[in-house]
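Below, chain A is the first sequence line, B the second, and so on; all start at residue 1.
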Protein chains: 2
Amino acid sequence: MSLIFSRQCEYAIQALIYLAKKTETEWISIKEIADHINIPQHFLGKIFQMLSNKGILKSKKGLQGGFCLSKPSSDINLKDIVDTIDGVAYSTACVAGFPNCSNDSPCPLHNSWKDLREGIVKMLKMRNLKQMADEISKPGYN
Amino acid sequence: MSLIFSRQCEYAIQALIYLAKKTETEWISIKEIADHINIPQHFLGKIFQMLSNKGILKSKKGLQGGFCLSKPSSDINLKDIVDTIDGVAYSTACVAGFPNCSNDSPCPLHNSWKDLREGIVKMLKMRNLKQMADEISKPGYN
DNA sequence: CTATATTAAGACAAATTACTCTTATTATCA
DNA sequence: TGATAATAAGAGTAATTTGTCTTAATATAG
Ligand code: FES
Ligand code: FES
């Protein structure tokens, strides 16, 4: 199969958007999030564990515990999330798997791909969690 | 990790470009191809087996056997290859994994993503094996 | 304080993807 | 025409990704 982002990354994006809709000081449990966006609870737990280690989230154990964003939602963009979970290969490696992707040693797809790739990176940098949380709250959005 | 296309798909693209450089009637062995583009021989065997079943390649067993394209290389475009191996999800499913990607029930990324996705699809349709084989033969290409 | 329920963390298991080894087919040549 | 070597096909294995079950931590109530 292979889509653009890994399953983990997709879940993370959805979960963080949900988190960004909450007040900044609230601790939200993975159970609540997993139930709302309908993904496996403990898988999300592992993803959030990593995002905590990487400094994107804060966690608190025990009753009344949970997770919350470690920065204002407007300061976390999509690229931060994607790069943390999936790495940066999508923005640097050859789309056809040839070694050494660069303008100097291009593959036959390089010139066609370069601009599309830049577009993707630019978009990921542009969109932050606050915007997306606002947008998903509008009627008609899923 | 997760790049745009699966490993299988990357290998297929590279191998088919190699094949497209040969004369149309020649039978080329997976060994020759795998050695040249430096990928696992028998893994390529399985990929080519599938592409044969799907009608993109023809195969011939035994001594002097091998594979060759079932159509002129100018009639096989990248989208044919990618869709056959990885499916069409990359061009239809939500980039963030939300259910029901459409203009009517968009996720917060949908409008940013739509055009980029169309660009990718258009590019894949545009590029055929003949072009790419010609291009990779030029000096400086890898 | 102690018991309890809630929670994240961590160990474990299943599914998928990537890769390798073995077998069956067939053209060639003695 | 039978032996041989080259070849695709297919069975088997390893690694990675995804998903589940168990344990440890802690706030709260009694
Ligand atoms: S070399 Fe293939 S995309 Fe750059
Ligand atoms: S709904 Fe997310 S990309 Fe279309």
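Among the heavy atoms of the strands lying under 4.0 Å from Gln8(B) are primed sugar atoms or P, OP1, OP2 only; no base atom is included. The residue Phe67(B) sits close only to the backbone: its heavy atoms come under 4.0 Å of sugar-phosphate atoms, none of a base.
The closest donor-acceptor contact from the side chain of Asp80(B) to the backbone of Asn77(B) lies under 3.5 Å. Side-chain atoms of Gln14(B) come within 3.5 Å of backbone atoms of Ala96(A) as a donor-acceptor pair (strictly under, hydrogens ignored). Side-chain N or O atoms of Ser70(A) include one that pairs as donor or acceptor with a backbone N or O of Gly55(A) at under 3.5 Å.
Separating the CG atom of Asn53(A) from the P atom of dA8(C) is a distance of 14 Å, rounded to the nearest angstrom. Separating the CE atom of Met50(B) from the P atom of dA18(C) is a distance of 11 Å, rounded to the nearest angstrom. The nearest whole Å value for the distance from the CD atom in Gln49(A) to the P atom in dT23(D) is 17 Å. Atom CZ in Phe43(B) sits roughly 18 Å away from atom P in dT13(D) (whole-Å rounding). Put simply, CD on Gln41(B) is 10 Å from P on dT7(D), counting in whole angstrom units.
Taken residue by residue, residues 28-38 of chain B places heavy atoms nearer than 4.0 Å to DNA chain D at Ile28(B), Ser29(B), Ile30(B).
Neither OP1 nor OP2 of dT17(D) sits under 4.0 Å from any side-chain N or O of Ser6(A). A sub-4.0 Å separation between OP1 or OP2 of dC19(C) and a side-chain N or O of Tyr11(B) is present. Contact annotation: Arg7(B) reaches the phosphate of dC19(C) (side-chain N/O to OP1 or OP2, under 4.0 Å).
Between the side chains of Ser29(A) and Glu32(A), no donor-acceptor pair is found at a separation under 3.5 Å. Gln49(A) and Ser52(A) are not linked by any side-chain donor-acceptor pair at a separation below 3.5 angstrom, with hydrogens and angles left out of the test. In the model, Ser105(B) has no side-chain atom that pairs as donor or acceptor with a side-chain atom of Asn100(B) under 3.5 Å.
Residues Pro108(B) and Arg127(A) approach most closely at O-NH1, 2.9 Å, considering heavy atoms.
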(request) Between protein and nucleotides 21-30 of chain C, map the contacts as a letter string: B base, S sugar-phosphate only, - none, heavy atoms under 4.0 Å, written 5' to 3'. (result) BB--BBBS--

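The aromatic rings of Phe67(A) and Phe48(A) sit perpendicular to each other, their planes meeting at more than 60°, with 30° as the lower class boundary.
In this structure the side chain of Leu69(A) reaches within 4.5 angstrom of the side chain of Leu129(A), judged on heavy atoms.
Heavy-atom distances to DNA chain D give each of Lys46(A) and Lys46(B) a nearest nucleotide, and the one nearer the 5′ end belongs to Lys46(B).
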